[in-house]
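To find a chain, count down the sequence lines: A is the first, B the second, and so on, and within it residues start at 1.
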Amino acid sequence: MTCDEATVLLHALLDGELDAGHAREVEAHVANCPRCAVDVRQFRQMRQAMSAAALGFAAPAALRGRIEAAIPAPATLTSILPASVAAAAPSRRVLLKGFALGAALSAAAATGIVFLMQGADQEQQILDDVVSAHLRSLQAGHLTDVPSSDRHTVKPWFNGRLAVAPPVVDLAAQGFTLLGGRLDYIDGKPVAAIVYRRRAHVINLFVAPATGVDRGGARHETVQGFNVRRWAGQGLRFIAISDIGADELEELGTRIEAAVRAGA
Amino acid sequence: MTGETDDPERARRFRDAALPHLDEVYTLARYLLRDSADAEDAVQECYLRALKHFGTFHGGAIRPWLFAILRNVCKTAFARRGFGGAEPAEDAVPVWCETPETPEAQVLRSRDAETIRAMVSALPDAFREAIVLREINGLAYREIAEIVGAPVGTVMSRLARAFDAARRMAGGGGGER
């Protein structure tokens, strides 16, 4: 392989887009070519710098408002039916509409999760609070009370501020940068907010003591355009919210679940 | 608006699928157009078009679909002011013409977001588009190729040239080539 070929392919290598055969060829060339080795090192650094910096822009609230206003208002009872349900089972969704039991219950039934009807209002209140807290956190200066990428700094900060010790998991290797922690309020109760970032996207993970209605299984929802993943375990309830994809939020959730089970 | 967009079910599905990506679409618009007011207009137009044509979206990843629409909006409505304007063909622009040389040897490593943003913004259209879609929006090469209507190999070489140009701007190595 020549330097000219390697010059282009090494980017594909760094981006994980190269098949195994070509990857071996590029690696072999780089191993024997000091100039290309410098390239690989510098371009890797640049990629790391780019992914570490928040290069994205948040859409102005006014723009979001104008777009939301342009979309015909949804029927209120179905407005929070999760997108996953809608996409996976359109026919069932139409059926559910007929029941008109209330969106939360429909969503719960559609995903096979049943919880008590009196809990539904409170659940909705919690989701609303979560979205509000997430939006608030995105405003300048509201993201963290304790800004640190070190879990050993973030975790002790909550001591004495909360009745629970929230697990703080380091997921930097998985592409989730720990930004810090914050005290927030959901449903009128203080909760821990652990803040992560992936690429330009902020993820708030709220941790509170588990309540009686919490079930272990993870639930996905889309609320006001944000993806939400909720689960419970080890006496705690967790609610992660972000505008990253549901699959990425799932990845974060499963990794934190695993770490908590392992005693993080 | 047609009756299509008045279907509340469809509107709701669109809302759930498309709105979570608003920040990313806006980010792409900011980089493509290099102007916040133009970006807002383009994103709004993009979402209106996307809603109107949501019936033609057959599942799969919605982000590339939205990005492709945004790109069309930018190319057509905003051609004069920014992205897609009369720029020389990419091969005609030697990347080293872009580069104010600086003595700093450190490549980007400790640079703040503002500096990197400015650096990305200074790249020519095709390179800027490729590097934003890949490194900021996190798309796969294949998805980028579909959006920009070019072969994957072209995407790859644009990325290589984008990084090379950015490195020169940062004052990094490779200048002897």
Side-chain angles (χ1 to χ4, degrees), chain A residues 3 7-12 14-15 17 35 38-39 41-43 45-51 53-60 62-64 66-68 70-75 78-84 86-87 90 93-94 97 198-201 222 224-227 242-246, chain B residues 5-9 11-27 30-31 36 39-40 43-44 47-48 51 59 63 107-113 116-117 120 131-132 134-138 140-142 152-153 156-157 159-160 163-164 166-167 170 172-174 176-177:
Chain A
C3 285
T7 294
V8 172
L9 289 179
L10 65 84
H11 289 277
L14 291 173
D15 282 335
E17 291 262 358
R35 208 169 58 174
V38 169
D39 281 358
R41 204 182 64 238
Q42 291 188 337
F43 289 133
Q45 276 177 14
M46 289 172 74
R47 279 176 170 75
Q48 284 166 353
M50 287 187 75
S51 65
L55 298 182
F57 293 91
L63 172 65
R64 190 179 287 274
R66 283 201 303 278
I67 290 174
E68 286 187 348
I71 304 173
T78 54
S79 63
I80 67 155
L81 198 61
S84 56
R93 195 190 63 239
V94 172
K97 242 175 85 181
R198 172 167 257 196
R199 298 190 305 280
H201 307 281
T222 307
Q224 294 178 32
F226 293 102
N227 282 312
S242 178
D243 58 344
I244 58 171
Chain B
T5 53
D6 293 338
D7 176 355
E9 269 311 303
R12 190 196 47 70
R13 270 190 295 131
F14 176 75
R15 182 186 300 266
D16 286 348
L19 273 190
H21 304 296
L22 182 58
D23 283 343
E24 285 181 279
V25 175
Y26 178 71
T27 293
R30 279 290 295 264
Y31 282 105
S36 59
E40 281 198 44
V43 170
Q44 187 169 350
Y47 270 77
L48 292 181
L51 173 61
R63 285 194 311 156
V107 181
L108 280 183
R109 194 213 279 281
S110 59
R111 287 169 184 258
D112 60 289
I116 302 177
R117 279 178 176 179
V120 172
I131 206 167
V132 171
R134 170 63 215 179
E135 304 300 332
I136 300 177
N137 287 327
Y141 285 13
R142 180 182 42 75
V152 170
M156 217 182 276
S157 83
L159 277 172
F163 270 105
D164 205 41
R167 178 171 67 173
E176 74 279 6
R177 214 166 258 177

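Heavy-atom distances place both the backbone and the side chain of B:A140 under 4.5 Å from chain A. For a residue to count as touching a neighbouring chain, one of its non-hydrogen atoms must lie under 4.5 Å from one of that chain's; by this rule B:V25 does not touch chain A. Using a 4.5 Å cut-off between heavy atoms, A:R199 touches chain B through its side chain atoms alone. Of the two parts of A:L63, the backbone and the side chain both hold a non-hydrogen atom closer than 4.5 Å to a non-hydrogen atom of chain B.
With respect to chain A, the highest number of heavy-atom pairs below 4.5 Å among B:H21, B:E135, B:E24, B:M156 belongs to B:E135. Of the listed residues (A:D15, A:I244, A:N227), the one with the most heavy-atom contacts under 4.5 Å to chain B is A:D15. When the candidates A:A54, A:G245, A:P60 are compared by the number of heavy-atom contacts under 4.5 Å with chain B, A:P60 comes out ahead. No other option in B:F14, B:Y141, B:Y31 has as many heavy-atom pairs under 4.5 Å with chain A as B:Y141.
Counting only heavy atoms from C-beta outward, the side chains of A:E17 and B:R134 approach each other to under 4.5 Å. Side-chain atoms of B:L19 and A:F226, non-hydrogen and from C-beta on, never get closer than 4.5 Å to each other. Side-chain contact between B:F163 and A:R47 is present, with heavy atoms from C-beta onward closer than 4.5 Å.
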Criterion side-chain contact (heavy atoms from CB on, under 4.5 Å) on A:I67 and B:L51, from CA distance to verdict: CA-CA 10 Å; A:I67 290 174; B:L51 173 61; over 6 Å; no

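To the nearest 0.5 Å, atoms NE2 (A:H11) and CD1 (B:I131) are separated by 8.5 Å. How far CG of B:L159 is from CZ of A:F43: 11.0 Å, rounded to the nearest 0.5 Å.
What you find for A:E68 and B:R15 is that their closest heavy atoms are O-NH2, 4.0 Å. Across every non-hydrogen atom of A:A53 and B:I116, the tightest pair is CB-CD1, 4.1 Å. A pairwise comparison of heavy atoms in B:P20 and A:T222 identifies CG-CG2, 4.4 Å as the closest pair. A pairwise comparison of heavy atoms in B:A160 and A:V8 identifies CB-CA, 4.0 Å as the closest pair. What you find for A:L55 and B:R117 is that their closest heavy atoms are O-NE, 3.4 Å.
Within the 3.5 Å criterion, the main-chain N or O of A:A58 finds no donor-acceptor partner in the side chain of B:D23.
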